[in-house]
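Order of the sequence lines fixes the chain letters, A, B, ..., with proteins taken first and strands second; residue numbering starts at 1 for each chain.
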There are 2 protein chains.
Amino acid sequence: MMKYDLGVGEFENWVVAETRFSTKYLGKAESIMMLGNGYLGLRSATDEPYLGETRDLLVAGTFNKFNDDEVTEIPNAADVTRLDIQIDGERFSLEFGETAEYFRSLNLKSAELTRSFVWTSPRGKVLRFIFRRFVSMVDLHLIACKVEVTALNDAVELIVDSGIDIRMTNSGSQHFSDGVRRIHDRSFIQQVQTTNESKIDFVVSTHNLILIDGRPPEAPGVMEMDRRKVWMHYLLTIEKGETLRLEKLSSVWTTRDRTESGVEPTLDQIKTDALEHLRLSVGKGYDGLQAESAAAWGSKVWGVYDIDVEAERPFDLLAIRFAIYHIVCMTPSHDDRMGIAAKGLSGEGYKGHSFWDTELFILPFYSYSHPEVARSLLTYRFRGLAGAHKKAAENSYRGAMYPWEMAWPTDGEVTPVWGAVDVVTGKQTKIWSGFIEQHITADIAYAVSLFHQITGDEQFMLDCGYEMIIDTAIFWLSRFEHNAELDRYEITNVVGPDEYKEHADNNAFTNYMAKFNIELALAYADRLQQQNLERYDELSSKLGIPAFREEAAAKLTRIYIPLPNEEGLIPQDDKYLTYPSIDLAPYKNREKVGMLFYEFSLDQVNRIQVSKQADVVILLYLLGYLFPPDVIRRNFDYYEARTLHDSSLSLSTHAVMANDLGYSDMAYELFHQAARIDLGENMKSSDAGIHAASIGGIWQIVVLGFGGVRVIDGELTVHPRLPKGWKRLSFTIRWKGAPIVFDVTQDRVRVSPPEGTSISFLLERVRKQIDTVSVFALASQGGRVV
Amino acid sequence: MMKYDLGVGEFENWVVAETRFSTKYLGKAESIMMLGNGYLGLRSATDEPYLGETRDLLVAGTFNKFNDDEVTEIPNAADVTRLDIQIDGERFSLEFGETAEYFRSLNLKSAELTRSFVWTSPRGKVLRFIFRRFVSMVDLHLIACKVEVTALNDAVELIVDSGIDIRMTNSGSQHFSDGVRRIHDRSFIQQVQTTNESKIDFVVSTHNLILIDGRPPEAPGVMEMDRRKVWMHYLLTIEKGETLRLEKLSSVWTTRDRTESGVEPTLDQIKTDALEHLRLSVGKGYDGLQAESAAAWGSKVWGVYDIDVEAERPFDLLAIRFAIYHIVCMTPSHDDRMGIAAKGLSGEGYKGHSFWDTELFILPFYSYSHPEVARSLLTYRFRGLAGAHKKAAENSYRGAMYPWEMAWPTDGEVTPVWGAVDVVTGKQTKIWSGFIEQHITADIAYAVSLFHQITGDEQFMLDCGYEMIIDTAIFWLSRFEHNAELDRYEITNVVGPDEYKEHADNNAFTNYMAKFNIELALAYADRLQQQNLERYDELSSKLGIPAFREEAAAKLTRIYIPLPNEEGLIPQDDKYLTYPSIDLAPYKNREKVGMLFYEFSLDQVNRIQVSKQADVVILLYLLGYLFPPDVIRRNFDYYEARTLHDSSLSLSTHAVMANDLGYSDMAYELFHQAARIDLGENMKSSDAGIHAASIGGIWQIVVLGFGGVRVIDGELTVHPRLPKGWKRLSFTIRWKGAPIVFDVTQDRVRVSPPEGTSISFLLERVRKQIDTVSVFALASQGGRVV
């Protein structure tokens, strides 16, 4: 079904393609071939409509709450992509007639979506169709479509309806009022829609240009309208051999946009700006606009995120480029009030909310490759301190307790409360993550520290970083509960990364990370005091650093972290190892995740040794330096066998760890499994959008896993180990601002620092200090930590 | 496309049928084959989905306002009719494969919808499908579906998804929150949805029973859910020759329901009641429930609304039954807080609002045939006095100014403010009806008086009628403006029935009806004072009758009503006759109404002698006794030539008047045109719902036109004149409570009063007094008024 590359000429490994059309794959193609630029995301629904499609136009940061029973979410704005086409009076659809030479492809390099085929209508008319579409990387508001239809064997009568549709909902929840609409010069249509709670105005504009063999059609279009819809209706005849060309240029602007002065614009302002910009775009035409946009992708993306692989399977490089393409599409790097959503801007899943996915699975990519964007994303979290304080206060804690799901920075917790109906009780179950999945707060502190170590960005630390790390540590001090009996500090009743264990006591990941967060804050407080007393004093009085230090000193040694038991196993929580194990074979690697719940209630799953995703394993990955190698291996072996990978966050961590441990085949297999979460054959898995964390994970497996890049104790360490089928991997990372190119083969690594720089790093545990291109032989034994 | 009758056996003239399936007619069939019982209306969307369908479940009176920019409307509740069927893994749709023996029919007698065909899948599997569906006339909450699938040539694997979907919107506006859902006994699913502004809870319940050749399937269904959706998923195998039967029983209850004690129930109460009732229904099964419902249609509808025609064209009788069927479906006769909507309960058009359509086009049917229902409908208007006072006050008038569009009685005016974009200016135009289409107030007073004259219902008059007539007259006194120059009272700046003339001064219809309303009130005030001094005193102090009388006496003689000019023409308004006439041929009898607006702006149309609908003609119809016969003929001839009938309200009035005037062929042709508004070939005209007024008009053309029944000066008058192709027309009307049967042929009428009654009436202007079955010869010359 899905073809991964063309394997021809310049497009090799750049194209995600589909060679046969089936409505079963609508959702998959809409998501994985989505178009975006971080400002907006557009699902790649086909121009002509099909049952079961999901047309989404999502504009970053435009959160709205449908009503008080729902949480805020990213609203599905106007559709401008649908074209209703009739051929000789009958609806055009690939479900009818005969389709030949079908090819739909997303060119990752130019970020253009193309679809072409020869279609024979049920009545025997033969037509060639070419559809093109892109979202501009230059004018972030612009969506451009171009359709060419050639009548191959006979004249045809075409009816085309093309306009703006604001009937779109988020699975039935309508976020917008139906605002005013206006037509300018009988050709530019503008429709206003306003979110009902957050009162964000959207101005959606569109313009259609139709030419037949270069000439305007005899009859001009007629404007039609209905409730929440306005469109142009064209009745056209094309003679045999003639080609109809439709160029539809559309744009979306909102009052959440930030003008150059940093303030939000007025509705009148964006109406005027949108019209003016669209007029200019119409002047340039589709081809000119696409060339501009493709050039920007070249310079802003492919020239920056430089990575290459020579592999037996061309798929591997495509998967990496696919990951980078989607990371760019999903990242609102233009606005530090916005974060990355769990499905990016590719679908309604998880409502556009940010989870720990960003900090642990995507941020490393930016910290290593584009620190300015990483800083913007962390600034979003800094702005989120307001919401984190709100959440802490609501839960009677102190400091900054980050929401499990975050939307607009000041919103606080936005995790929905109710989930599926329990198969046993018949009642809806509560989603506990928003209440008790608390490790996110430490994950963010961890990410700030990692960002700082990689980039050396002291200004960010002064502006935001110190405060975030200390404020989160204060939360943890208030969160730890004193167990009087054992005279120790514990954390009970949480959900760890493994969400199949609700209400766990002393979840290892949570306790270790919380303790780490406190230690980090103590260290950073000392550092700030030494380096910038003015800022220290400011923060000290704001956060109460002396009191924090005192409390930390009193509690730290008595914080309970589950140590490895006599078998070397770190208990995931107080009870996990006491539960029975069951045969997980029937539930592993299934087409659909969560198959367990067709047979077990959540209560029952809570009491089996089964994990949804990496829990202890991700602890080993993040804080591996705390444990001896045999403990890491023993725990990996034990928990990997009990992990269903029912979360898309799980595979990449296991892949990196497997590679570390010298399980090369397993690592490569897990890399493929991770890549196939979106790029694979499973037709339903991406319906609600791509898996942002998994996509970040693909890059992590390659650079942090196979490339072996890690920061340990503030030091860059590299321990490359390529999969068998890979001849060469080259990538660039920025260390303290300097781009260093690593070129790795099976047996050597070439390291190229920028001219005039001297860098120090550990290569396979051996310190290297270089100031010019240097080549090192690689050892061939086992894994890194062995 | 549409076939009107089976012409076989007992079903003759009872069946509206379709013999070929085409998605172009989806909307038409959904509307004209809708199922309903006045409590709820269900569009007859097919079980399997198609692009372009509109699935509506509308529950009378459950108005909600989406937001402050929209007006209140009847919300589209949960869908329980959709079945997603897969045959051997592929979506079942009549757009694929081969369909034979296709027949879809609505049996008006039993009110059951049936659809059957033999379908050959693209892979060659042959299956017989029979779908049945009805909305119960016994349990007003119940919707029942039954599907039978027989594998004719091979075993097939079926997947069926059947549940409750609350993603439904009103063309994109979502009125409901997503409430709790629960499953009882793993088979009864309940979903709550609550309107967001009016806070009406809906409880939607469903139960699926599946049997294969009478046995339960091996694998039970699995419950699945998604946002705003919950459903059972069945994976079934039927062997060659076996039949799968699915019975799906569903119900909808709301907290707007009225319990026997007259109060609205609580959510918990309806949850329990709904579950209990559904359990009982499941016990009875589809066939038993359908038999019960059909029997109720027999006794409550066909036994009451007794009308028969022997005509050359069987279509004529079908059209009459079709009208009665739909009038019953659209009338919330169970609850006098609710009125009839312009599209009944058959679609979202006009938002479920009540217009003058009810009083002038539907109420006569009930006043003559089922006075209790007429009384309920007028009580709705009586309750609407609250809203009418609100509107009067908002516009600085006194008394009761009825809203042009009415929803919940206390809402006041609910006409939307903005309409289409003007083709010339590019801006949205204002809908003026809500502001200045004011004749509705007099129309309601007229209807009260007519109801009283027909039924003699003094109790209603005491409870409601006197007050309504006087209160509306008080409005008119405050509405008339004094023209100092001419020393007369005028009404300027209105829209009359002809909405193609906005901002008209002295619209003849409005002025005459307003004056009539005042005169009516004076007469009724006198009558009440004579007959019931207590109630008179009560109303007198409430409304200020002496002051009203005084003001009326002062103004009445100086109220300006446009008299016929020297050519005998009544000017439709001050300017109409001064405008140029244009050739209307290109715009008459077009597939789509409003074709004029593709070429003219509303402003331009306002200044041409063209009428959307009857204006002076309906004045002649309602108050014909005021004018000499030649004036009636002259005005009819003049205005009929200038009327586009772009409103569905227009044709029936012209038909009745044409019949009066002896234009028999024209009358019969207009009857057919009126019937074809919904029952005709035009595939798009009924998309937004059936045309309630036109359907009432069908009955009016037959009984008031061909049957010649009218009330003049309080007296029943009859002047039958059958179309050439009609041998016989018989009908029953209730006069002062007594059912009188008229049996009319081309040359005689037989009148049968109930035993022991003596009635007096005018037959062809000659007074008759009878107390037993009597036969009278009919004159054969010209029209009634000649």
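Within the 4.5 angstrom heavy-atom criterion, no atom of N196(A) approaches chain B. For chain A, the nearby parts of R182(B) are the backbone and the side chain; heavy atoms of each come within less than 4.5 Å. Using a 4.5 Å cut-off between heavy atoms, T169(A) contacts chain B through its side chain alone, with no backbone atom that close. Proximity to chain A (any heavy atom under 4.5 Å) is restricted, for V222(B), to the side chain, taken from C-beta onward. For D84(A), no part sits under 4.5 Å from any heavy atom of chain B, backbone or side chain. At a 4.5 Å heavy-atom cutoff, the contact between F96(B) and chain A is made by side-chain atoms alone.
The aromatic rings of F21(B) and Y50(B) sit tilted relative to each other, their planes meeting at an angle between 30° and 60°. The aromatic rings of H207(B) and F188(B) sit tilted, their planes meeting at an angle between 30° and 60°.
For the pair S162(A)/H233(A), no side-chain contact is recorded, criterion being any heavy-atom separation below 4.5 Å from C-beta on. Counting only heavy atoms from C-beta outward, the side chains of D178(A) and Q193(A) never approach each other to under 4.5 Å. Counting heavy atoms from C-beta outward, F92(B) and Q86(B) have side chains that stay 4.5 Å or more apart.
Under 4.0 Å is where a charged nitrogen must lie from a carboxylate oxygen, and between D79(A) and R82(A) no such pair does.
Per-residue heavy-atom pair counts under 4.5 Å with chain A were compared for D165(B), D69(B), N170(B), and the maximum is reached by N170(B). Taking chain B as the reference chain and counting heavy-atom pairs below 4.5 Å, the highest number among H184(A), H175(A), K229(A), E70(A) is found for E70(A). Interface summary for chain A: among R91(B), M223(B), M168(B), the most heavy-atom pairs under 4.5 angstrom belong to R91(B). Each of E95(A), K24(A), E348(A) has some count of heavy-atom pairs under 4.5 Å with chain B, and the biggest count is that of E95(A).
Between the side chains of D185(B) and S187(B), no donor N or O sits under 3.5 Å from an acceptor N or O.
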